[in-house]
K.L.:
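Provided herewith is a single structure, encoded as structure tokens, for subsequent inquiry.
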Amino acid sequence: MKRTMASMRTLLLALILVLALGTLVACNDSDTPEATTGTETTASADPITIGIIQIVEHPALDAAREGFIAGMADAGFIDGENVIFDYQNAQGDHNTLSTIADRFVSRDVDMVLAIATPSAQAIAARTTTIPILGTAITSYERAELVYSNEEPGGNITGTTDMNPVADQLQLMVNLVPDVQTVGLIYSSQEANSVYQIEIAKKALEEMGLDYEERTVENTNEVQQAMASLVRSVDAIYIPTDNVLASAMAIVGDVANTAGVPTICGEANMVNSGGFATMGIDYYELGRKTAEMAVRVLNGADPGTMPIETVAGEQVTINEESLQLLGLTVPERYQGYIVAVEPAE
């Protein structure tokens, strides 16, 4: 009987030891998968996706996009590593803009960079939740993208390329002092262009100058409109218009052949065939937009972020156009004459 009781005690102790060891192993097994899962989540975290919607290719808009991507890289957002830039260009087609916007919304991208007013209007019409950063947009208020530049109030903010229209027209007078009638050419489909032309008309009236205008809807209409305009004006003013920017080689050829100088909205238009401008740097504008995008990705509310821009307008005069026009610019502008390399 004593041996039986002793055997039972021995068996009981053995069972307790086995249970204790099993519990310890179970705890260790439970800890291991948790640690492994955490490592896998970190290693396989998906990069964020930023959709880039651009109305058309031309140097100014391309520079803004390149500046944005460079600014994001400086902030640690490297394409193909922790961010994917889904770049889509509508090639001037507004229906294609709508298709691109629908694609971004259906894919539920993390952010959209909208380059130029039509691009921003297309994506803004389709989402009120995806953060939208705009750039190369003249007036967010006029385009009905925000409640105000100071307090956008929705899911949109960004940078403006609003140029100093009145100062550009004064530059025209300084460079072409005999001007009496100014030609205005722009796309009637672009709210940004219509707005700038309204400002230009008012400024010209205050300067005591006459004006004639021509409107186009696409690049196919530019040559005929220019050929008509150069016959009756002394100089031409072109705002930061995407259609005209895409056709500056045509504009420059017609204007320079006719001996009519063109004052443009920005430097890339001058480099592509225009005569002169006083404008901002679009690459730096893109970088400024990237700074704002990083703040949004870090939790800032775009609706509370005022519209921003870059300072320091720069005069640019196209040396080739200057020679073709046979003009001599005042000495104070000599340092702003640039040689433009022929397009490849």
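Residue numbers start at 1 and run along the sequence shown.
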K.L.:
Which residues pass the salt bridge (Lys or Arg N to Asp or Glu O under 4.0 Å) test with D62, sequence neighbours left out?
P.N.:
R65

K.L.:
Answer whether the closest heavy-atom distance between the side chains of L169 and I263 falls below 4.5 Å.
P.N.:
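L169 vs I263: side chains apart.
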
K.L.:
With sequence neighbours left out, write down each residue that passes salt bridge (Lys or Arg N to Asp or Glu O under 4.0 Å) with D86, or none if nothing qualifies.
P.N.:
R103, R107

K.L.:
Find the distance between CD1 (I317) and OG1 (T277) and round it off to the nearest 0.5 Å.
P.N.:
10.5 Å

K.L.:
Do Y211 and Y237 come close enough that some side-chain heavy atom pair is under 4.5 Å?
P.N.:
no

K.L.:
Once you round to the nearest 0.5 Å, how far does OH of Y195 lie from OG1 of T240?
P.N.:
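Those atoms lie 11.5 Å apart.
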
K.L.:
May I ask whether V109 and I84 are part of the same hydrophobic cluster, defined by side-chain heavy atoms of I, L, V, M, F, W, Y residues being less than 4.5 angstrom apart, directly or through others?
P.N.:
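Not linked; separate clusters.
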
K.L.:
What's the spacing between S98 OG and Q121 CD if we round to 0.5 Å?
P.N.:
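It is 11.0 Å, given to the nearest 0.5 Å.
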
K.L.:
Please determine, by modelled atom types, if Q180 and D210 share a side-chain donor-acceptor pair under 3.5 angstrom.
P.N.:
no

K.L.:
Is there a path of hydrophobic side-chain contacts, each under 4.5 Å between heavy atoms of I, L, V, M, F, W or Y residues, that connects V338 with L325?
P.N.:
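No, no single cluster joins them.
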
K.L.:
Decide whether L175 and L204 are clustered together by the hydrophobic rule: side chain heavy atoms of Ile, Leu, Val, Met, Phe, Trp, Tyr closer than 4.5 Å, transitively.
P.N.:
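Yes, L175 and L204 fall within the same hydrophobic cluster.
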
K.L.:
Between E217 and S188, is any pair of side-chain heavy atoms under 4.5 Å apart?
P.N.:
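With C-beta onward as the side chain, the pair touches.
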
K.L.:
Counting heavy atoms not belonging to E331, are there more than 12 under 6.0 Å from its CD?
P.N.:
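Count not over threshold, so no.
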
K.L.:
Are the side chains of L97 and I53 in touch, meaning some heavy atoms are under 4.5 Å apart?
P.N.:
yes

K.L.:
With a 3.5 Å cut-off and sequence neighbours excluded, list the donor-acceptor pairs that the side chains of residues 131-138 form with protein atoms.
P.N.:
| residue | atom | partner | partner atom | Å |
| --- | --- | --- | --- | --- |
| T135 | OG1 | T159 | OG1 | 2.9 |
| T135 | OG1 | T289 | OG1 | 3.2 |
| T138 | OG1 | D161 | OD1 | 3.4 |
| T138 | OG1 | Q196 | NE2 | 3.4 |

K.L.:
Do you know the tightest heavy-atom contact between E57 and S246?
P.N.:
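Residues E57 and S246, closest heavy atoms: O-OG, 3.8 Å.
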
K.L.:
With rounding to the nearest 0.5 Å, note down the distance linking CG in N218 to CG in N242.
P.N.:
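It is 13.5 Å, given to the nearest 0.5 Å.
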
K.L.:
Counting only heavy atoms from other residues, nucleotides and ligands, does the tally under 6.0 Å from CD of E66 exceed 12?
P.N.:
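Counting neighbours around CD of E66, more than 12 heavy atoms of other residues, nucleotides or ligands fall under 6.0 Å, so yes.
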
K.L.:
To the nearest 0.5 Å, tell me how far T257 OG1 sits from L324 CG.
P.N.:
7.5 Å

K.L.:
Given Y336, which of V315, L171, V329 fulfils the side chain to side chain contact (heavy atoms under 4.5 Å, CB included) condition?
P.N.:
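That would be V315; it is the only one of V315, L171, V329 passing the side chain to side chain contact (heavy atoms under 4.5 Å, CB included) with Y336.
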
K.L.:
Can you name the closest pair of heavy atoms from F104 and I130 and give their distance?
P.N.:
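Between these two residues, the closest heavy atoms are O-CD1, 4.2 Å.
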
K.L.:
Does CD belonging to E221 count more than 12 external heavy atoms closer than 6.0 Å?
P.N.:
yes

K.L.:
Could I get the full list of side chain to side chain donor-acceptor pair (under 3.5 Å) partners for E198, not counting sequence neighbours?
P.N.:
R142

K.L.:
Could you tell me which residues satisfy side chain to side chain donor-acceptor pair (under 3.5 Å) with N268, sequence neighbours excluded, listed by chain and number?
P.N.:
E266

K.L.:
Are there more than 12 heavy atoms of other residues, nucleotides or ligands under 6.0 Å from atom CD of E144?
P.N.:
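Atom CD in E144 is not crowded, with 12 or fewer foreign heavy atoms closer than 6.0 Å.
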
K.L.:
Kindly compute the distance separating OG1 (T96) from CG (N89), expressed to the nearest 0.5 Å.
P.N.:
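Reported value, rounded in 0.5 Å steps: 9.5 Å.
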
K.L.:
Would you mind reporting whether E206 and K202 have side-chain heavy atoms less than 4.5 Å apart?
P.N.:
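Counting from C-beta outward, K202 and E206 do come under 4.5 Å.
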
K.L.:
Any chance you could lay out the side chain to side chain contact (heavy atoms under 4.5 Å, CB included) test for I69 and M72, step after step, and finish with the verdict?
P.N.:
CA-CA 5 Å; I69 293 173; M72 294 297 289; 5.7 Å; no

K.L.:
Do E141 and N149 make a side-chain contact, defined as non-hydrogen atoms from C-beta onward lying under 4.5 Å apart?
P.N.:
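Touching, per the 4.5 Å side-chain cut-off.
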
K.L.:
Decide side chain to side chain contact (heavy atoms under 4.5 Å, CB included) for Y186 and R214; before the verdict, give the C-alpha distance in whole Å, the side-chain angles of both, and the deciding distance to 0.1 Å.
P.N.:
CA-CA 7 Å; Y186 61 101; R214 300 288 188 278; over 6 Å; no

K.L.:
Would you check, one step at a time, whether the test side chain to side chain contact (heavy atoms under 4.5 Å, CB included) holds for T181 with V179?
P.N.:
CA-CA 6 Å; T181 303; V179 63; over 6 Å; no

K.L.:
Quick one: name the residues clustered hydrophobically with M269, using the 4.5 Å side-chain heavy-atom rule over I, L, V, M, F, W, Y, and just say none if it's on its own.
P.N.:
I185, V216, V222, M226, L229, V230, V233, I236, I238, V243, L244, M248, I250, V251, V254, V260

K.L.:
Using every non-hydrogen atom in the two residues, find where V56 and L61 come nearest and quote the distance to one decimal.
P.N.:
O-CD1, 3.5 Å

K.L.:
Donor-acceptor check, side chain of E151 to backbone of G153, threshold 3.5 angstrom: yes or no?
P.N.:
no

K.L.:
Cut-off 3.5 Å, side chains only: do Y333 and N174 have a donor facing an acceptor?
P.N.:
yes

K.L.:
Is there a side-chain contact between I337 and L322 (heavy atoms, below 4.5 Å)?
P.N.:
yes

K.L.:
Who passes side chain to side chain donor-acceptor pair (under 3.5 Å) against D253, sequence neighbours left out?
P.N.:
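Scan of D253 (side chain to side chain donor-acceptor pair (under 3.5 Å), adjacent residues dropped) gives none.
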
K.L.:
Using atom types as modelled and distance alone, determine if a side-chain donor or acceptor of D241 lies under 3.5 Å from a backbone N or O of S193.
P.N.:
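It does not hold such a pair.
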
K.L.:
Partners of K201 by salt bridge (Lys or Arg N to Asp or Glu O under 4.0 Å), sequence neighbours excluded?
P.N.:
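Partners of K201 by the salt bridge (Lys or Arg N to Asp or Glu O under 4.0 Å) criterion, ordered by chain and then number, come out as E213.
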
K.L.:
How close do S228 and S232 get, counting heavy atoms only, and between which atoms?
P.N.:
O-OG, 4.2 Å

K.L.:
Applying side chain to side chain donor-acceptor pair (under 3.5 Å) as the test, list every pair that has at least one member in residues 67-83; sequence neighbours left out.
P.N.:
D74-R287

K.L.:
Looking at residues at least two apart in the chain, or sitting in another chain, which of them share a side chain to side chain donor-acceptor pair (under 3.5 Å) with E291?
P.N.:
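E291: no side chain to side chain donor-acceptor pair (under 3.5 Å) contacts found.
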
K.L.:
Side chains of P152 and M305, heavy atoms from C-beta outward: is any pair under 4.5 Å?
P.N.:
no

K.L.:
Taking M278's backbone N and O only, do any of them form a donor-acceptor pair with Q168's side chain (distance below 3.5 Å, no angle check)?
P.N.:
yes

K.L.:
Taking CD in Q223 as the centre, count heavy atoms belonging to other residues, nucleotides or ligands within less than 6.0 Å. Is the count above 12?
P.N.:
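No, the 6.0 Å shell around CD holds no more than 12 heavy atoms from other groups.
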
K.L.:
What's the shortest heavy-atom distance between A114 and I123, and which atoms?
P.N.:
CB-CG2, 4.2 Å

K.L.:
Which pairs, with at least one residue in residues 299-314 and sequence neighbours excluded, count as a side chain to side chain donor-acceptor pair (under 3.5 Å)?
P.N.:
R295-E308

K.L.:
Hey, does the side chain of T262 reach the backbone of F275 with a donor-acceptor pair shorter than 3.5 angstrom?
P.N.:
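Side chain of T262 to backbone of F275, a donor-acceptor pair under 3.5 Å: yes, one is there.
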
K.L.:
Check salt bridge (Lys or Arg N to Asp or Glu O under 4.0 Å) between R231 and all other residues, then give those that pass, not counting sequence neighbours.
P.N.:
none

K.L.:
Group every Ile, Leu, Val, Met, Phe, Trp and Tyr by side-chain heavy-atom contacts under 4.5 Å, then state whether L145 and L113 land in the same group.
P.N.:
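Yes.
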
K.L.:
Show your working on side chain to side chain contact (heavy atoms under 4.5 Å, CB included) between M207 and L209 and close with a plain yes or no.
P.N.:
CA-CA 6 Å; M207 298 166 72; L209 298 176; 4.2 Å; yes

K.L.:
Of all the heavy-atom pairs spanning A267 and T316, show the shortest one and how long it is.
P.N.:
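Heavy-atom minimum between the residues: CB-OG1, 3.8 Å.
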
K.L.:
State yes or no: do I78 and M111 share one hydrophobic cluster built from I, L, V, M, F, W and Y residues joined by side-chain heavy-atom distances below 4.5 Å, directly or via other members?
P.N.:
no

